[in-house]
Amino acid sequence: MRQSKLFTKTSKTLPKDEVSVNSQLLLKSGFIDKEIAGVYSFLPMGYRVLDKIINIIREEMNAIDGQEIMLTALQSPQTWEPTDRWDDSKMDVWFKTELKNGSKLGLAPTHEEPLTKLMKKFITSYKDLPVYAYQFQTKFRNETRAKSGILRTREFIMKDLYSFCRNQQELDEYYEKAKAAYVRIFERLGLGDITYVTYASGGTFSKFSHEFQTLCEYGEDLIYINEEKKIAINREIFEDEILSEFGLTKADFVEKKAIEVGNIFKLGTKFSDGLGLQYVDENGERKNVIMGSYGIGPGRVMGTIVETHNDKNGIIWPKEVAPYQVHIVSLGKDEVVMQESEKLYNQLNQAGYEVLWDDRTNLGPGAKFADSDLIGCPIRITVSGKNIEKSQYEVKRRIGGDAEFIPQNDIEAFLDNELK
RNA sequence: CGGGGCGUGGCGCAGUUGGUAGCGCACCUGGUUUGGGACCAGGGGGCCGCUGGUUCGAGUCCAGCCGCCCCGACCA
């Protein structure tokens, strides 16, 4: 991408009341735009990051036999009344509206009911199970208070996978596979070191659910971690009685703030019972399907990455999710510099790298370096007259350290080593 | 939903006792400049959040409403 063609611009200033690091950096760099409180648009660079996060999640969901679908955001009360979740006192985040003819509609805050209802059309026998379906879909939640940039919003994309199993054992096995998939996802997203599988309350059908909590001072959750056993416990179940099951006491844990980036939950028969999703087993008996749900919010993940990967100059994207892997910065407007830059740009594109080229000729070096740091691509290559004379490229990692000078012929080998 | 702060060109802000609405950034034109947010000269751009009130006259005073941020409560 030629930066001169990018319609977004970086900004030097921000509203003084915009406090969260993720909103500051993402707004300043032109990755996102705020429409209203808790409602954000993703602009070209931000959407590239979001898309990369989504694709990593998609690959891991496919790897555990997830079948991707796309359910509807518009929902009818009939779908939700059987489980009593159309009632605003039971589900208090509904956005509700109506058709011209007066029929009530709601914007889906989650999708257990519609998918369970859908599955009634396809699941009748034990031979139809298990089934795992997931989607990346916009959820609408009328939060009383949106806050923290893109960490708590009223409209957001969620990956939600739902499992449909014959029995508890099948669910338990799949649940463990999903948990392992989630661990891989957060590793690939660059959050592995600071993300903890956290025990949380489980509801009617299992003792625990699991949250994926990323350590962050700006997080709104409190968790308790034991590094030795790699165990983390959510605040709501941090009690002596529960800790004793792990052979631990409160003194063995350290309190940390964290952001909940994922959540997996055994639903049991709560929804299949409510909506009548049953199958006939080998003996001809009708049984409720056993369900589970598995959620991640890609937008919140993006905000969490920014909160945990930045310095005073801007964002430091992990290589897996950076909008571009390489940022070529051309200094000056010499014909030679521009020609050499374009040659490198074409070469790296052909080699399969994602390249942002700052080809703008109306800015000084300071402005370009500041923009480059703010945008936060992993590798910056500076092309200037003095480097061209020496047939070398000047390469700097966004994560830090001094610039290195790489002979022009070795640049692809260098990048292979850094990025592959 | 309770408390606090704030709404003025695209963005960030100033605006005194009520009296022609300003500055910086960005933008346009011309010129100089180019290794960490350059400079000079000229130029364009405003329902001052909305509605009503007081007044000869309101960005400024009063009332109501709307919106934004933060803290708290809430967050299958």
Side-chain angles (χ1 to χ4, degrees), chain A residues 7-20 23-24 27-30 33-40 80 83-85 87-94 108-113 139 141-149 151-154 156 158 160 162 200-206 209 211 218-222 234-236 259-260 263-268 270-271 274 291-295 297 300 312-314 329-334 337-338 358 360-375 380-388 394 396 403 405:
Chain A
F7 78 77
T8 57
K9 291 176 185 171
T10 59
S11 167
K12 276 197 228 178
T13 54
L14 278 174
K16 63 172 182 290
D17 59 5
E18 198 69 62
V19 162
S20 74
S23 61
Q24 282 193 355
L27 287 168
K28 200 171 174 211
S29 57
D33 181 65
K34 183 167 66 186
E35 177 64 26
I36 54 176
V39 181
Y40 289 84
W80 298 75
T83 49
D84 203 23
R85 290 215 293 177
D87 188 339
D88 287 326
S89 67
K90 302 283 169 47
M91 175 72 88
D92 64 0
V93 292
W94 275 112
T110 179
H111 279 86
E112 286 86 358
E113 279 86 349
K139 311 297 185 197
R141 293 188 183 178
N142 199 345
E143 299 277 357
T144 49
R145 183 185 162 206
K147 57 181 235 179
S148 311
L151 293 180
R152 179 169 291 278
T153 59
R154 299 192 165 100
F156 59 97
M158 177 183 271
D160 44 340
Y162 302 92
S201 64
T204 321
F205 294 93
S206 67
S209 67
E211 294 168 347
Y218 193 63
E220 57 179 18
D221 287 16
L222 270 183
N234 186 299
R235 173 170 51 170
E236 62 188 4
I259 300 169
E260 183 185 340
N263 185 343
I264 60 176
F265 205 100
K266 292 178 184 176
L267 298 170
K270 181 175 174 186
F271 295 95
M291 293 172 54
S293 74
Y294 314 81
R300 180 181 280 186
K312 64 177 172 34
N313 295 326
V329 176
S330 304
L331 298 189
K333 56 183 174 188
D334 268 11
V337 169
M338 295 311 283
D358 192 346
R360 297 171 298 178
T361 52
N362 58 337
L363 291 177
K368 288 189 163 194
F369 289 140
D371 270 359
S372 180
D373 286 346
L374 177 62
I375 289 167
R380 182 179 88 197
I381 303 179
T382 305
V383 178
S384 67
K386 66 182 184 189
N387 287 325
I388 291 169
E394 176 182 336
K396 197 166 191 307
F405 296 92

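All chains are named by letter (A, B, ...) in the order of the sequence lines, taking the proteins before the strands, and each is independently numbered beginning at 1.
Comparing the same atom, P, in B/G15 and in B/U55 gives a spacing of 28 Å after rounding to whole Å. If you take atom P in B/U8 and the same atom in B/A38, they sit 28 Å apart, rounded to whole Å. Distance check on atom C1': B/C48 versus B/C13 gives 13 Å, rounded to whole Å. If you take atom C1' in B/G31 and the same atom in B/G24, they sit 23 Å apart, rounded to whole Å. Taking the P atoms as reference points, B/G3 lies 26 Å from B/C50, given to the whole Å. Only the P atoms considered, B/C40 is 15 Å distant from B/C23, to the nearest whole Å. Comparing the same atom, C1', in B/G57 and in B/G43 gives a spacing of 32 Å after rounding to whole Å. Atom C1' of B/G10 sits at a distance of 36 Å from the matching atom of B/G2, rounded to the whole Å.
As judged by a 4.0 angstrom heavy-atom cut-off over every strand, A/Lys139 is placed among residues making no nucleic acid contact. Residue contacts shown for A/Asn263 include a base, since a base heavy atom lies under 4.0 Å away.
With values rounded to the nearest 0.5 angstrom, A/Thr83 atom OG1 is found 10.0 Å from A/Lys90 atom NZ. Expressed to the nearest 0.5 Å, how far CG of A/Leu27 lies from OH of A/Tyr40 amounts to 6.0 Å. Within the model, atoms CG of A/Asn142 and CG of A/Asp88 stand 9.5 Å from one another, a figure rounded to the nearest 0.5 Å. The CE atom of A/Met158 lies 8.0 Å from the CG atom of A/Asn263; values are rounded to the nearest 0.5 Å. Atom-to-atom distance recorded for A/Arg300:CZ and A/Glu260:CD is 6.0 Å, nearest 0.5 angstrom. Rounding to the nearest 0.5 Å places CD1 of A/Ile388 at 8.0 Å from CG of A/Asp334.
Shown here are the side chain to side chain contact (heavy atoms under 4.5 Å, CB included) partners of A/Val19, two or more places apart in sequence or in another chain: there are none. Here A/Lys147 pairs with A/Glu220 under the salt bridge (charged side-chain N to carboxylate O under 4.0 Å, His left out) rule; sequence neighbours left out.
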Under the rule of Watson-Crick or G-U wobble with both distances under 3.5 Å, where | means paired to another strand and [ ] a crossing pair, RNA chain B maps to (((((((..((((.....[..)))).((((((.....)))))).....(((((..]....))))))))))))....
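Ion pairing between A/Glu112 and A/Arg85 holds under the 4.0 Å rule for side-chain N and carboxylate O.
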Atom pairs under 3.5 Å: protein N/O with N/O of nucleotides 39-46 of chain B:
none

Close N/O contacts between protein and nucleotides 25-28 of chain B (under 3.5 Å):
none

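Residue order along RNA chain B, read from the 5' end via each residue's closest nucleotide, puts A/Gly364 first among A/Lys90 and A/Gly364.
With 3.5 Å as the limit, one finds a donor-acceptor pair spanning the side chains of A/Asn387 and A/Glu394.
Counting only distance, with no hydrogens or angles, the side chain of A/Arg141 and the backbone of A/Arg154 share no donor-acceptor pair below 3.5 Å. No side-chain donor-acceptor contact under 3.5 Å links A/Lys266 to the backbone of A/Met291. Panel note: side chain A/Arg380, backbone A/Ser372; no donor-acceptor pair is recorded below 3.5 Å. Not one N or O on the side chain of A/Ser148 forms a donor-acceptor pair closer than 3.5 Å with the backbone of A/Leu151.
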Each nucleotide of nucleotides 66-75 of chain B classed B (base within 4.0 Å of a protein heavy atom), S (only sugar-phosphate) or -, in 5' to 3' order, makes --SSBBBBBB
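Looking at A/Lys333, its side chain comes within 3.5 Å of the base of B/U33 through a donor and an acceptor atom.
For the pair A/Leu14 CG and B/G24 C1', the interatomic distance rounds to 15 Å; values are reported in whole Å. For the pair A/Leu331 CG and B/G36 C1', the computed distance is 10 Å after rounding to whole Å. Residue A/Asp358 contributes atom CG, which lies 15 Å from atom P of B/G37 at whole-angstrom precision.
For A/Asp371, taking side-chain heavy atoms from C-beta onward, the closest of the listed nucleotides B/G37, B/C11, B/G36 is B/G37.
Screening A/Asp371, A/Leu374, A/Thr8 for a side-chain contact (heavy atoms from CB on, under 4.5 Å) with A/Ser29, the sole residue that qualifies is A/Leu374.
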